[in-house]
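The next block holds one structure in the form of structure tokens; read it before the comments.
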Amino acid sequence: MTSFADITTIAVGGEIDRFVEPTTRVGVIEAVEEADAKGLPLFVIGGGSNVLVSDEPFHGVVVRDARRAITVPDEAAPVEGGDRTVHVNAEAGCNWDDFVDFCVGLGLEGVEGLSGIPGTVGASVVQNIGAYGQEVGTSVESVEVWDRKDKQTRNLTAAEMRFGYRMSALKASMYQAPAVPAGEFFPTPRYVVLSVTFALTHSDTGTVGYGQLAKALGVEVGDRMATRDIRNAVLKVRASKGMLEDATRYAAPAMQGTKKAELVDVALQAQQGQADPNRHSCGSFFMNPILTAQQAALLPPDAPRFDATLPNGKPGIKTSAAWLIDHAGFHKGFKTTQNAEAGLSTLHTLALTNRGQAGAHDIETLAKTVQDGVERAFGVRLVPEPVVVGFSLR
């Protein structure tokens, strides 16, 4: 029987009553509809990288879209003149980094800074993934979804997706407040992604939009570089922080075939074929807090501050969750006890990692310890980024 531990990057979670992998668009819709019609808990999962599920059995249906096709509708109309836009469509089950590699290989600009992020195309727009100066929402033209409420397919425009910092209309349908699940649509949004159409730019170069990335490339922020060089630099920086997924997971039966074999081989060579506990995580575990000016004024003078927008649309100030964690006394490698199976990454304070045989309770204990400590030190309650199922991390 498949478990969440088998299909998540943190390798944690209980057994699943029914795990299905539809290979057609109709099959995805039918699997979702069947679970909803029977009133069964439904979890539509992507690459399992932003998920933390309890160790208890999941008495419901887990759907993982097995469709991974990428098409270029504009191929019949070569880019000419001033408009260099190229549309690319990817099915929801397509591995995200496979998609980025495809676009860079085709000479397209717009997603190269998002290289190496684990997950799928479908999950990318739910979370509005972002890194190194890019967010997926800025490249999305439309998202084809199945509306679980109205029982029909829809094409949502980028505006209708209401992209924000690690947020979209899809994710918003899952929560009534930060980290508080909504009653009707959780842990799967009202809108289940079927495919995404991206509007990218025909260009072999891209803009270096992040300081750490510029340093790795030896250039200035705002300079343009070959998109392939940007992608390679992003992968190198992410690897140095343990923020690439463990490629050895693709040898497991439940993960075989979900990522291009050649990219798995490259990742395994870079890893020297060894599992790395620092990569057994959900990625960045806490979101960077966006505070009011009054809240930010209570932080130490040296705390990072960036202009941002509050959920209500008013100006706010974003600070660094990693900085808060570290300055609250939780340094790289922190564990609640010496023999704890869960700990902060030894390379990056924002990642909570499975150091061996951790269960969900071990991750929960670590997360709450960090949340409580940061709140005591700075009056800020960190909000988890992953979808947390079976327990609460408010």
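Everything numeric here is computed off the predicted structure, so don't read it as measured data. When a residue number appears, it is its place in the shown sequence, counting from 1. Atom set for the values below is all heavy atoms of this structure, side chains included, hydrogens, waters and symmetry mates excluded.
With a 6.0 Å radius and a threshold of 12 heavy atoms from other residues, nucleotides or ligands, Lys335 has its NZ atom above the threshold. Counting heavy-atom neighbours within 6.0 Å of Gln357 CD, excluding the residue itself, gives a total of 12 or less. In this structure, Lys149 places its NZ atom where only 12 or fewer heavy-atom neighbours from other residues, nucleotides or ligands lie under 6.0 Å away. For Lys151, the NZ atom is densely surrounded, since the number of other residues' heavy atoms within 6.0 Å is greater than 12. Summarising the local packing, OH of Tyr210 is surrounded by 12 or fewer heavy atoms from other residues, nucleotides or ligands at distances under 6.0 Å. Counting non-hydrogen atoms of other residues, nucleotides and ligands closer than 6.0 Å to CD of Glu262 gives a total above 12. Applying the 6.0 Å contact sphere to CG of Asp307 captures no more than 12 heavy atoms from other residues, nucleotides or ligands.
Using a 4.5 Å cut-off on side-chain heavy atoms (C-beta onward), Phe19 and Val61 make no contact. The shortest side-chain heavy-atom distance between His327 and Phe378 falls under the 4.5 Å cut-off. Using a 4.5 Å cut-off on side-chain heavy atoms (C-beta onward), Lys332 and Leu344 make no contact. Residues Glu15 and His59 have side chains not in contact (no heavy-atom distance under 4.5 Å, counting atoms from C-beta outward). Under the 4.5 Å side-chain criterion, counting only non-hydrogen atoms from C-beta, Arg148 is in contact with Val32. Taking the side chain as every heavy atom from C-beta outward, Val140 and Phe163 approach each other to under 4.5 Å. Here the side chains of Ile325 and Phe334 are not in contact, with every heavy-atom distance at 4.5 Å or above. Put simply, the side chain of Val196 reaches to within 4.5 Å of the side chain of Val193, judged on heavy atoms.
Below 30°, between 30° and 60°, or above 60°: for Trp96 and Phe198 the angle between ring planes is between 30° and 60°, a tilted geometry. Under the 30°/60° scheme for interplanar angles, the aromatic rings of Tyr175 and Phe186 are found to stand perpendicular.
Side-chain polar atoms of Thr201 and Arg84 form no donor-acceptor pair below 3.5 angstrom. In this structure, a donor-acceptor pair under 3.5 Å is absent between the side chains of Asn155 and Ser142. One side chain, Tyr250 or Glu245, offers a donor N or O that lies under 3.5 Å from an acceptor on the other. A side-chain donor-acceptor contact under 3.5 Å links Ser115 and Arg231. Checking His280 against Asp246 by side-chain atom types alone, a donor-acceptor pair falls below 3.5 Å. Side chains of Asn339 and Thr337: a donor-acceptor N/O pair is absent below 3.5 angstrom, by distance only. The closest side-chain donor-acceptor pair between Arg279 and Gln271 falls under 3.5 angstrom.
Atom CD of residue Gln134 and atom CD of residue Glu109 lie 7.5 Å apart, to the nearest 0.5 angstrom.
Looking only at distances, a side-chain donor or acceptor of Arg249 sits under 3.5 Å from a matching main-chain atom of Ile7. Between the side chain of Arg305 and the main chain of Ala303, a donor-acceptor pair closer than 3.5 Å is present. In this structure a side-chain-to-backbone donor-acceptor pair under 3.5 Å is present from Thr319 to Pro304. Under the 3.5 Å distance criterion, the side-chain polar atoms of Thr353 are left unmatched by any main-chain donor or acceptor of Arg355. Ser139 contributes a side-chain N or O that, together with a main-chain N or O of Gly110, makes up a donor-acceptor pair within less than 3.5 Å. Side-chain atoms of Asp6 come within 3.5 Å of backbone N or O of Ser3 as a donor-acceptor pair. A donor-acceptor pair is defined here as one N or O able to donate and one able to accept, closer than 3.5 Å; such a pair exists between the side chain of Asn278 and the backbone of Thr346. The backbone N or O of Asn128 sits nowhere less than 3.5 Å from a side-chain atom of Glu135 that would complete a donor-acceptor pair. Remark: the backbone N or O of Ala90 is not paired with any side-chain donor or acceptor of Ser195 at under 3.5 angstrom.
Put simply, Val63 and Val51 are part of two different groups of oily side chains (I, L, V, M, F, W, Y) that touch within less than 4.5 Å, one to the next. Follow the hydrophobic side-chain contacts under 4.5 Å out from Ile45 and you never reach Ile10; the two are in separate clusters. Under the 4.5 Å side-chain contact rule for hydrophobic residues, Met287 and Val126 do not share a cluster.
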Determine, stepwise, if the pair Asp372 / Arg381 fulfils salt bridge (charged side-chain N to carboxylate O under 4.0 Å, His left out).
CA-CA 7 Å; Asp372 292 345; Arg381 188 72 179 177; 2.6 Å; yes

Show your reasoning for whether side-chain contact (heavy atoms from CB on, under 4.5 Å) applies to Arg238 and Leu244.
CA-CA 6 Å; Arg238 291 185 70 91; Leu244 293 176; 3.7 Å; yes

Show, in sequence, the C-alpha distance, side-chain angles and deciding distance for Asp97 and Lys259, and conclude whether the salt bridge (charged side-chain N to carboxylate O under 4.0 Å, His left out) test is met.
CA-CA 9 Å; Asp97 195 58; Lys259 182 174 175 60; 3.7 Å; yes

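The only member of Glu91, Glu30, Glu144 that meets salt bridge (charged side-chain N to carboxylate O under 4.0 Å, His left out) when paired with Arg25 is Glu144.
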